[in-house]
Number of protein chains: 2
Amino acid sequence: MARITRSNGERTAAAIRQAALRLIHQQGFAAMNLRELAAAVGISPASLYNHMTTKQSLLFDLMLEHMTALLEQTDAALAAAGPEPLARLEAFIAHHVLYHLERKREVYIANFELRALDPPNAARIITMRHDYEARLIGLLEEGAAAGLLNLGDARISAYAMLAMLTGVCTWYRADGRLQPAELVALHTRLALEGVRRKG
Amino acid sequence: MARITRSNGERTAAAIRQAALRLIHQQGFAAMNLRELAAAVGISPASLYNHMTTKQSLLFDLMLEHMTALLEQTDAALAAAGPEPLARLEAFIAHHVLYHLERKREVYIANFELRALDPPNAARIITMRHDYEARLIGLLEEGAAAGLLNLGDARISAYAMLAMLTGVCTWYRADGRLQPAELVALHTRLALEGVRRKG
DNA sequence: TCGATAAACGAACATATGTTCGTTTAGCAG
DNA sequence: CTGCTAAACGAACATATGTTCGTTTATCGA
């Protein structure tokens, strides 16, 4: 066989990314093999290489796209929230939860497959993750400076909050009992009460 | 070569478990290969099979030992905490953080390599994890019933707390800035303030 | 219409990997 | 001492896996 009628490069590349997200999320990057990926897309293993350079670059591209989108959308949400520190913090939390519900597979992969990246690729993703953490740490410090928050330690508080907020995407099911808006409300309260200034 | 002078089955088996914990934690179960594990222990790949039946069973044994210890030690900590709901909740949190700091590799593996287990093995570990979660949910419900806590949803609160408290072992370094006792204090406050009844 | 390119294929390669086998020898019970 | 067992080895097997190669053919701009 050769080229398939109505085949299209963009569509195939997108199908590969989607299938890879699903398989890596289910099994992990090392456990996913390219024959299985190809079968999921409906092409031969060799054809994958018309749309990617190596298995490693496929993983890196997925992570890079995710981190880029996360940073951009976070900045947009903060810009829309205005200047008030607590409002900005709440906007960050709400956006984080919603984004993580919506793209749980990407998030999971970016968090747990870092070790599968070549060191140079890993370094680039780690830098972007630090940028993201720095935004929350900055918000917490703003809130503390304004006398609105009471932090034991801004960095630890940020890590703890991120762990809690990100945790939601390990068990969230779109067909589950709770709606995204409810999860945002519950987690906003759980996160904020731990750092809000009392009295 | 044949049997090595002063070789000892127990010692080798323990060395295999330790090396496996380290390698699986670093690279993931699928990415760890038995030749590398054998080299880390200082024996040949074939010799591994004097101490384990398959690679799969090695992973399962590690997880089973961890979950068993976690459940036993948690129950001991709760028994020592007495009957008061808030004291029991604090004891749970403190024990959880300390255990997770001390055995971060086991925890990480038990959390993220479930997908690498055969379905029957996975089912056994999942049951034990549910048992563990049920203890926290029970504590939260006790506290709510006593009027001490104000929960949006006991199960969600429990998941969020566990995610936050477990998150500590993804970044904790024994040679880091903060001592375990400080981390316990910080996380106890962060976790409790989100659920404590106000006024 | 036609040629260049894109996008697919089957087949194969080189290597990696879990596991088994037959053998060897140290340690220990009798 | 002696023989059984535990614990190691090298070698090999069967399969899995990332990747390449040469080829084929649909698509599309000129």
Side-chain angles (χ1 to χ4, degrees), chain A residues 1-24 26-63 109 113 115-119 121, chain B residues 1-24 26-63 109 113 115-119 121:
Chain A
M1 218 187 320
R3 183 166 183 172
I4 293 287
T5 303
R6 284 191 304 282
S7 69
N8 173 292
E10 257 319 301
R11 207 166 43 222
T12 303
I16 291 173
R17 284 197 298 273
Q18 286 307 307
L21 282 176
R22 182 168 58 79
L23 290 174
I24 297 173
Q26 276 172 13
Q27 319 176 5
F29 177 72
M32 175 196 73
N33 69 72
L34 295 184
R35 280 165 181 78
E36 191 178 5
L37 175 61
V41 177
I43 60 180
S44 75
S47 298
L48 291 173
Y49 285 84
N50 287 319
H51 306 280
M52 63 186 219
T53 60
T54 62
K55 190 190 180 194
Q56 166 77 202
S57 79
L58 170 63
L59 177 62
F60 177 66
D61 289 347
L62 289 175
M63 288 203 193
I109 292 169
E113 296 294 356
R115 61 190 172 191
L117 287 179
D118 289 341
N121 287 343
Chain B
M1 218 185 319
R3 183 167 182 171
I4 292 290
T5 303
R6 284 190 306 283
S7 68
N8 171 292
E10 259 318 301
R11 208 166 42 224
T12 303
I16 291 173
R17 285 195 299 270
Q18 285 307 306
L21 282 177
R22 184 168 57 78
L23 291 174
I24 296 173
Q26 276 172 14
Q27 319 176 8
F29 178 71
M32 175 196 73
N33 69 72
L34 295 185
R35 280 165 181 78
E36 192 178 3
L37 175 61
V41 177
I43 61 180
S44 76
S47 298
L48 291 173
Y49 285 83
N50 287 318
H51 306 279
M52 62 187 219
T53 59
T54 61
K55 191 191 180 194
Q56 166 78 201
S57 79
L58 170 63
L59 177 62
F60 177 66
D61 289 348
L62 290 174
M63 287 202 194
I109 292 169
E113 296 293 357
R115 60 188 173 192
L117 287 179
D118 289 341
N121 287 342

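Here the side chain of B/P45 is nearest to one of D/dA8, C/dT19, C/dC9, namely C/dT19. Counting only heavy atoms from C-beta on, A/H51 has its side chain closest to C/dA8 among D/dT20, C/dA8, C/dT20. With distances taken from any side-chain atom of A/K55 to the nucleotides C/dC9, D/dG10, D/dG18, the minimum falls on D/dG18. Each of D/dT17, C/dC9, D/dT19 was ranked by its minimum atom distance to the side chain of A/N33; first place goes to D/dT17.
No contact: A/M52 has no heavy atom under 4.0 Å from any strand. Residue-level contact check: B/N50 touches the bases, meaning some heavy atom is under 4.0 Å from a base atom.
Listed for the A/N33 side chain is a donor-acceptor partner under 3.5 Å among the backbone atoms of A/E36. Judged by distance alone, the side chain of B/E113 and the main-chain N or O of B/A30 form no donor-acceptor pair under 3.5 Å. A donor-acceptor pair under 3.5 Å is formed between the side chain of B/Q56 and the backbone N or O of B/A116.
Remark: C1' of C/dA26 and CD of B/E10 are 18 Å apart, rounded to the nearest angstrom. In this structure, CE of A/M32 is placed 11 Å from C1' of D/dG18, rounded to the nearest angstrom. Taking atom CG of residue A/L34 and atom P of nucleotide C/dA14, one finds them 19 Å apart after rounding to whole Å. Rounded to an integer number of Å, the gap from A/R11 CZ to D/dT27 C1' is 12 Å. With rounding to whole Å, B/E36 atom CD is found 10 Å from C/dG18 atom P. A/L48 places its CG atom 14 Å from the P atom of D/dT17, with the value rounded to the nearest Å. Whole-Å rounding puts the B/Y49 OH to C/dG22 P distance at 17 Å. Between the C1' atom of D/dG18 and the CD1 atom of A/I43 lies a distance of 15 Å, rounded to the nearest Å.
With respect to A/K55, the side chain to side chain contact (heavy atoms under 4.5 Å, CB included) criterion is satisfied by exactly one of A/L34, A/L37, A/L48: A/L34.
OP1 or OP2 of D/dA8 lies within a sub-4.0 Å distance of a side-chain N or O belonging to B/T12.
Nearer to the 5' terminus of DNA chain C, by closest-nucleotide assignment, is the contact made by A/S44 (compared with the other of A/S44 and A/R35).
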